[in-house]
Trainee: 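One structure coming up, written as structure tokens, with questions to follow.
Atoms within a ligand are numbered from 1 in the order they appear, just like the ligands themselves. Just so it is clear, the values below take in all heavy atoms, side chains as well, and ignore hydrogens, waters and symmetry mates. Please read these numbers as outputs of a predicted model, since none were measured by experiment.
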Amino acid sequence: MMYNNEHFEPVITKFVNEAGSETIDFYINKENGYKALEKALKMKPAEVVDEVKKSNLRGRGGAGFPTGMKWSFMPANPVDANGNPKPKYLVCNADEGEPGTFKDRLIMTKTPHKMIEGMIIGGHAIGSNKGFVYIRGEFHKEIRLMQKAIDDAYARGFLGKNILGSDFHFDLVIYKGAGAYICGEETALLNSLEGKRGEPRLKPPFPAQVGAFGMPSCVNNVETFAAVPYIISEGAEKYAKMGTERAGGTRLIGVSGHVNKPGVYEFPMNLSINEIIEIAGGVKGGKLKAVIPGGASAPMLRADECDVKTDYESLAKAGTMAGSGGIIVMNDTVNIVEATYTLLKFYEHESCGQCSQCREGSHWLARMFKRILDGGGTQDDLDYVAKICGNMAGQTICAFADAVTGPALSSVKKFRNEFEELIRNGGLHGNKKQVNVNEGVHV
Ligand SMILES: Cc1cc2nc3c(=O)[nH]c(=O)nc-3n(C[C@H](O)[C@H](O)[C@H](O)COP(=O)(O)O)c2cc1C
Ligand code: SF4
């Protein structure tokens with residue numbers, strides 16, 4: 001299937017179903033592995049940055065920030081107060097904690113060298129000699145396979161001193177996270193990497209100025225790095241052409257929930273959500289009711305809104321976001337209040353607690369949804385949801401609070417009738433509890 005896009009070809013997943021795709025021999029022999037690095041090392045760092053800029057690659061971690069531009073923010077020759085040169089660090093965000101997102105795992109287990117090669121090229125581009133791969137602690141298999149891949153890359157001279165006979169050195173180490181969703185936020189990740197509590201930092205200063213261990217740092221997602229070898233070997237133009245005017249290339253999408261063929265797919269960005277669901281085997285066990293299009297934090301869409309294309313701009317226009325590439329499909333057996341409550345419980349648990357709007361707001365929202373489910377909800381609760389969310393979004397240290405408002409607000413806005421029905425009928429099981437509005441049910 002050409003997905004109505006004559007330029008499309010898989011950039012990342014072409015060989016992932018073949019046995020041994022994770023090994024260095026497979027990568028070198030079948031995928032022309034590390035040839036892009038050879039080419040990049042003959043280019044000036046600024047030329048590499050320019051090529052990535054021209055490719056229109058946008059970060060795949062969630063915010064969709066242009067990668068070439070982020071690389072160009074790194075200072076050329078940073079010095080400390082005494083005029084001594086400062087090191088620069090390149091960090092790969094492999095925390096992948098967003099519910100509904102599971103695509104980076106595929107890269108780490110099936111084609112880890114693509115990401116490693118992308119990081120070495122990135123190191124050359126920004127003038128860094130040290131990279132960290134921050135992997136979510138629960139990813140035992142991923143950590144094992146990534147470590148093997150890094151060891152093999154050292155053994156073949158792609159990492160370490162004088163890479164491929166050049167004067168460029170690059171070391172890469174893995175750092176295991178300790179299992180907190182917030183550690184995926186780049187500044188919390190940097191704190192965690194330094195051995196501190198994983199709490200987001202106020203910005204500015206941005207990581208490009210003050211990053212890991214106080215040094216200029218650049219943080220990118222696994223998939224972002226994995227796209228870089230293709231851009232260098234095939235050219236920015238070819239990569240850009242596969243995407244839209246403002247975002248180049250392909251995207252990995254994890255499709256989960258009520259579909260017959262859940263999994264990770266690589267798609268061009270001009271497919272609609274409905275088309276993606278069809279490719280994923282169609283809706284399972286009922287009719288389509290709602291879709292969360294970009295990981296749990298993306299506002300949900302009703303079935304009648306799913307004709308929307310999945311590029312960044314189309315989804316933003318539809319009031320939601322492409323986020324981290326996780327499409328969660330819900331059929332008509334799902335109670336939206338209950339499904340949203342599950343997500344709110346997650347956010348309540350994962351808020352780092354630094355900002356009262358987020359700490360209290362995520363707790364209140366979870367409590368309120370539980371109260372509605374338990375039969376103690378009132379019509380006023382629905383207005384409170386909007387009021388609480390209004391005090392959270394854009395008011396906090398990091399974007400976590402905004403993320404909480406995505407499912408909370410969109411569920412009430414799009415499925416208000418379901419909330420009202422629960423309020424009228426005494427909750428999910430019709431056992432009206434008459435809970436005081438301010439008391440709620442503590443979860
Ligand atoms: C609460 C929260 C969690 C995040 N979790 C992740 C994550 O697990 N992986 C990731 O790559 N980016 C995550 N991000 C985005 C990062 O802060 C950052 O934007 C990203 O790593 C930059 O890489 P990119 O430019 O390649 O997208 C998260 C952001 C927030 C606010
Ligand atoms: S918004 Fe939430 S998660 Fe982010 S720093 Fe504030 S309290 Fe922590």
Trainee: Under a 3.5 Å distance rule, please check whether H258 uses its side chain to pair with a backbone N or O of N331 as donor and acceptor.
Mentor: yes
Trainee: Got the residues with a heavy atom under 4.0 Å of ligand 2, by chain and number?
Mentor: I182, P200, S351, C352, G353, Q354, C355, C358, T396, I397, C398, F400, A401
Trainee: Does any non-hydrogen side-chain atom of T13 lie less than 4.5 Å from one of V16?
Mentor: yes
Trainee: Distance-only check: which donor-acceptor pairs under 3.5 Å involve side-chain atoms of residues 312-322, not counting sequence neighbours?
Mentor:
from: Y312; atom 1: OH; to: R60; atom 2: NH1; distance (Å): 3.1
from: E313; atom 1: OE2; to: R58; atom 2: NH1; distance (Å): 3.1
from: S314; atom 1: OG; to: D311; atom 2: OD1; distance (Å): 2.6
from: S314; atom 1: OG; to: D311; atom 2: OD2; distance (Å): 3.1
from: T320; atom 1: OG1; to: P299; atom 2: O; distance (Å): 2.7

Trainee: Side chains of E117 and F158, heavy atoms from C-beta outward: is any pair under 4.5 Å?
Mentor: no
Trainee: Does either side chain, that of N391 or that of Q395, offer a donor lying less than 3.5 Å from an acceptor on the other one?
Mentor: no
Trainee: Could you list the donor-acceptor pairs under 3.5 angstrom formed by side chains in residues 196-205, with sequence neighbours left out?
Mentor:
from: K196; atom 1: NZ; to: E194; atom 2: OE1; distance (Å): 2.5
from: R197; atom 1: NE; to: E199; atom 2: OE2; distance (Å): 3.3
from: R201; atom 1: NE; to: N191; atom 2: OD1; distance (Å): 2.9
from: R201; atom 1: NH1; to: G211; atom 2: O; distance (Å): 3.1
from: R201; atom 1: NH2; to: N191; atom 2: OD1; distance (Å): 3.1
from: R201; atom 1: NH2; to: E194; atom 2: OE2; distance (Å): 2.8
from: K203; atom 1: NZ; to: E186; atom 2: OE2; distance (Å): 3.2

Trainee: Using modelled atom types only, decide if a donor and an acceptor are shared between the side chain of T111 and the backbone of I107 within a distance under 3.5 Å.
Mentor: no
Trainee: Using every non-hydrogen atom in the two residues, find where V48 and A125 come nearest and quote the distance to one decimal.
Mentor: CG1-CB, 3.7 Å
Trainee: Decide yes or no on side-chain contact (heavy atoms from CB on, under 4.5 Å) for D171 and L159, but give the supporting numbers first.
Mentor: CA-CA 6 Å; D171 283 309; L159 279 169; 5.8 Å; no
Trainee: List, pair by pair, the atoms of ligand 1 and of the protein that are both N or O and lie under 3.5 Å apart, giving the separation rounded to 0.1 Å.
Mentor:
from: ligand 1; atom 1: 5 (N); to: G184; atom 2: O; distance (Å): 3.4
from: ligand 1; atom 1: 8 (O); to: E96; atom 2: N; distance (Å): 3.0
from: ligand 1; atom 1: 8 (O); to: G97; atom 2: N; distance (Å): 3.3
from: ligand 1; atom 1: 9 (N); to: N93; atom 2: OD1; distance (Å): 3.3
from: ligand 1; atom 1: 11 (O); to: N93; atom 2: ND2; distance (Å): 3.4
from: ligand 1; atom 1: 11 (O); to: N221; atom 2: ND2; distance (Å): 2.8
from: ligand 1; atom 1: 12 (N); to: G61; atom 2: O; distance (Å): 3.4
from: ligand 1; atom 1: 12 (N); to: N93; atom 2: ND2; distance (Å): 3.1
from: ligand 1; atom 1: 14 (N); to: G184; atom 2: O; distance (Å): 3.3
from: ligand 1; atom 1: 17 (O); to: E186; atom 2: N; distance (Å): 3.0
from: ligand 1; atom 1: 21 (O); to: N93; atom 2: ND2; distance (Å): 2.9
from: ligand 1; atom 1: 23 (O); to: N221; atom 2: N; distance (Å): 3.3
from: ligand 1; atom 1: 25 (O); to: K70; atom 2: NZ; distance (Å): 2.9
from: ligand 1; atom 1: 25 (O); to: N220; atom 2: ND2; distance (Å): 3.3
from: ligand 1; atom 1: 26 (O); to: N220; atom 2: ND2; distance (Å): 3.0
from: ligand 1; atom 1: 26 (O); to: N221; atom 2: N; distance (Å): 2.9
from: ligand 1; atom 1: 26 (O); to: T224; atom 2: OG1; distance (Å): 2.7
from: ligand 1; atom 1: 27 (O); to: R60; atom 2: N; distance (Å): 3.3
from: ligand 1; atom 1: 27 (O); to: G61; atom 2: N; distance (Å): 2.8

